[in-house]
Amino acid sequence: MQESRCVNGDGEAIDAVLTDLAQVSNSRERASKLFQWLIHPINHKNFFRDTWEKKPLLIKRKDPEYYKGLFSTAEFDQILRNEDVQFGVNLDVTSYTNGKRETHNPPGRALPFTVWDFYESGCSLRMLNPQAFSSKVWNVLSILQEQFGSMAGANVYLTPPGTQGFAPHYDDIEAFVVQLEGKKHWRVYNPMCEEDMLPVVSSPNFSQAEIGKPILEVVLEAGDLLYFPRGFIHQGDCLPDAHSLHITISSYQKNSWGDLLSKVVPAALQIAMEEDVEFRQGLPLEYLTYMGVQNSDQEDPRRAKFLSHIESLMQKLVTYAPVDAAVDHKARDFLHDCLPPMLTPEELASSVQGAPARWESGEAVNVAMPIRNQTRIRLIREGCARLCSDGEAVHLYYTADNSRVYHKEEPKSFEMRTEYTDAMEFLIHSYPKFVSVASLPCDSAEDKISLAEVLFERGIIHTEEPL
C-alpha cells in the first residue's frame, strides 16, 4: 500500500482508499490507517492525546472530493426504492421550527413518493442505520470498530435548504460529522456544567435561551469534518442556498471506566460475600437510629465508626474484584455490537465464504475441506473472536455471523473443548502471522485438524492460500 494515499490523504475517493487498505494484511493497522485518513491532516496519536473526549475539532479541507463515494443523495434514493426502509426503524422525518422539534413519521415503509414529499415541505431525513443498506458504510464502520475497540455506528442526515431538523442537544457518543454534499451551518457549545461532561445518556432538547454562546461556529462544506465529544451541545442548520448531506460516525457509547466498574463491583461483592466472613457479619443492632438521611446532621460517634467500617470493607472489596472477568463481559457485549467483517477479495478467496463447493452437472462438487497439517491459518480479523469463561465452561465468542442490523442476531458463541483452549489462545496471540495447523498445541494431529475445520466453517479463520 502506498503510505501517502491513505495515511497522508491526498483526496482519494473512498473506493481508492478502501482498495489500498485491502492490501494491508494486519486488520488493526488497517483500522489505524483508515482513521488517520478520516481525520487527516491531524496526526491520530496527537488527536487521542490532545482532543479525544476533551474538545471539538474542525478540519476544513477545501476538497469536496475527499469523502466522495462514502454515501450520496443518489444512494439514499436508491435505498428508498430498493430496500425495505421503515419509518421509525430505519428513517426519521424531523423538523425544528420556531423552537419546536417534531417527528413526523407515518407508519409503514418509507417509499420515495412520501419521503421526498416530506423533504420538499422542509423536513429533514435521518437514516438510522445506513450500514445495513450501504456496503461502503458497512466496510468503513467494520474497520473503524477495531480502532475504537467499541461499536462504530452511523446516521445519515439530509436537510433541505434554509431549514433545521433538530433542536440543540448533546449526545452520549463521540461524534465525527463528515460533510458529504452541500453545506451546513454548525454551532457547538461547552457542556453547561461538570455533570454534563462525558454524559452517560443523551440530553433532552434545549431552548436557545438555555445554551448561551457557541464556542465554535462554522459552515461545513463537502470534504470537511467536525468532531465533538459527548456532552458538547450542538445544532446544525442549512443555509438558504444549498441542501446538506452528512454522515455522523459515532463510537464510545457506554464504554467508560464507570461502565466497566458497574460489572466489576457487583461481581466483587458476590465473591466477597461468599469468601469473607467479615462481609457476612450482621449490621449493628441500632444502626437505624443514627444512620440514614434523617440522622446525617447528628453528632454521634457511632456514625464515624460505622462509616469507617464501610470504608474498610470498600478497600477490602478491591482484592475480590474479578477485573479480567468483567473485561471479558464487556468484550462479549462489544462482539455482539460489532458489525460482521466485510472481507477483502483475498480474504474472501481464502475463507469459507469463498470455498469452491458448488452445484455442477447435477451434483455437489468440491465439498470436501482439504485442511491438512501443513495448511497455514490465522484469524480473519484480530478482534473477531475471544475466549471467555463463565467459571464452568469456556466459550468462543465471534463476530463472523453477526448481522449488519444492530442486535438482529443473538450473541454468537460455542463451547470450546478443554483440549482446544491452548490452541485457540495460540491462534489469537499469533495474529497477524499465519501458522501451520501442525503448530497448534493440541494433543493429536486429529485434534489440530478438527479445531481448524470448526473455525474455518464458522468464518473465524482463513488460510494463507485458497483451498
Side-chain angles (χ1 to χ4, degrees), residues 13-19 21-22 34 64-65 67-95 103-145 151-161 163 165 177-182 184 222 238 242-250 337-345 347-348 353-354 399-409 459:
I14 192 68
D15 287 330
V17 171
L18 293 173
T19 298
L21 285 172
L34 179 59
E65 305 291 307
Y67 296 118
K68 186 176 181 180
L70 177 54
F71 198 83
S72 67
T73 45
E75 185 173 8
F76 202 123
D77 184 69
Q78 287 300 309
I79 289 170
L80 293 176
R81 295 179 184 282
N82 300 326
E83 304 287 351
D84 182 20
V85 178
Q86 294 286 318
F87 284 113
V89 178
N90 314 112
L91 189 76
D92 283 332
V93 179
T94 70
S95 65
T103 300
H104 307 279
N105 294 338
R109 182 176 170 184
L111 291 167
F113 179 85
T114 307
V115 172
W116 295 128
D117 185 55
F118 274 121
Y119 176 84
E120 280 297 301
S121 67
C123 291
S124 289
L125 307 175
R126 174 172 64 180
M127 185 171 287
L128 297 168
N129 56 337
Q131 59 270 27
F133 306 112
S134 167
S135 60
K136 298 284 178 53
V137 177
W138 167 31
N139 198 353
V140 166
L141 296 182
S142 70
I143 295 172
L144 286 178
Q145 66 194 7
M151 174 189 167
N155 291 333
V156 167
Y157 298 83
L158 177 59
T159 310
T163 69
V177 178
V178 176
Q179 191 70 25
L180 300 172
E181 294 177 14
K184 198 165 200 177
C238 256
H243 75 278
S244 169
L245 179 74
H246 78 264
I247 185 169
T248 296
I249 295 173
S250 62
D337 293 343
C338 275
L339 287 162
M342 183 173 177
L343 303 185
T344 68
E347 290 167 343
L348 187 64
Q353 292 190 39
T399 64
D401 290 337
N402 284 3
S403 170
R404 288 164 63 177
V405 177
Y406 179 70
H407 284 191
K408 183 179 179 181
E409 304 287 340

Sole residue of Thr19, Asp15, Leu21 in side-chain contact (heavy atoms from CB on, under 4.5 Å) with Val17 = Leu21
Could you give me the CA-CA distance, side-chain angles and deciding distance for Tyr67 and Ile247, then say whether side chain to side chain contact (heavy atoms under 4.5 Å, CB included) is met?
-> CA-CA 10 Å; Tyr67 296 118; Ile247 185 169; over 6 Å; no
Please name the pair of heavy atoms, one in Pro161 and one in Tyr119, separated by the smallest distance, quoted to 0.1 Å.
-> CD-OH, 3.9 Å
Side chain to side chain contact (heavy atoms under 4.5 Å, CB included) between Asp401 and Glu409, worked out = CA-CA 8 Å; Asp401 290 337; Glu409 304 287 340; over 6 Å; no
Any donor-acceptor N/O pair, Arg404 side chain to Pro130 backbone, under 3.5 Å | no
From Leu18 atom CG to Thr344 atom OG1, the distance as rounded to the nearest 0.5 Å | 11.5 Å
Do Asn402 side-chain atoms and Pro340 backbone N/O form a donor-acceptor pair below 3.5 Å?
-> no
Rounded distance [0.5 Å steps], SG in Cys338 versus CG in Leu141 | 11.0 Å
For Pro64, all residues meeting side chain to side chain contact (heavy atoms under 4.5 Å, CB included), sequence neighbours excluded | Ala222
What closest approach, in Å, do Glu347 and Met342 show between heavy atoms, and which atom pair accounts for it?
-> OE1-O, 4.4 Å
Closest heavy-atom contact between Lys136 and Leu70?
-> CB-O, 3.7 Å
Of all heavy-atom pairs linking Leu128 and Gly88, the shortest is CD1-O, 4.2 Å
Shortest non-hydrogen separation from Leu339 to Gln131 and the atoms involved | CD2-CG, 3.9 Å
Using modelled atom types only, decide if a donor and an acceptor are shared between the side chain of Thr103 and the backbone of Asn105 within a distance under 3.5 Å.
-> no
Verdict with supporting geometry, Asp337 and Tyr406, side chain to side chain contact (heavy atoms under 4.5 Å, CB included) = CA-CA 7 Å; Asp337 293 343; Tyr406 179 70; 3.5 Å; yes
Does the Asn139 side chain pair with the main chain of Ser135, one donor and one acceptor, at a distance under 3.5 Å?
-> no
Glu75 meets the side chain to side chain donor-acceptor pair (under 3.5 Å) criterion, sequence neighbours left out, with Ser134
Nearest atoms (heavy-atom pairs only) where Glu181 meets His243 = OE1-NE2, 3.0 Å
Here the gap from Leu158 atom CG to Asp77 atom CG, rounded to the nearest 0.5 Å, amounts to 10.5 Å
What is the ring orientation for Trp116 with Phe76, classed by angle as parallel under 30°, tilted 30 to 60°, or perpendicular over 60°?
-> tilted
How long is the gap from CG on Asp92 to CZ on Phe118, to the nearest 0.5 Å?
-> 11.5 Å
Side chain to side chain contact (heavy atoms under 4.5 Å, CB included) between Met127 and Ile79, intermediate numbers included | CA-CA 10 Å; Met127 185 171 287; Ile79 289 170; 3.9 Å; yes
Lys184 side, atom NZ; Thr159 side, atom OG1 - distance, nearest 0.5 Å = 3.0 Å
Close side-chain approach of Val178 and Thr248, heavy atoms under 4.5 Å | no
Can you find a pair of side-chain heavy atoms, one from Thr163 and one from Ser95, that are under 4.5 Å apart?
-> no
Kindly say whether Gly165 contributes a backbone atom to a donor-acceptor pair with the side chain of Thr94 at under 3.5 angstrom?
-> yes
So how far is it from Ser72 OG to Leu245 CG, rounded to the nearest 0.5 Å?
-> 7.5 Å
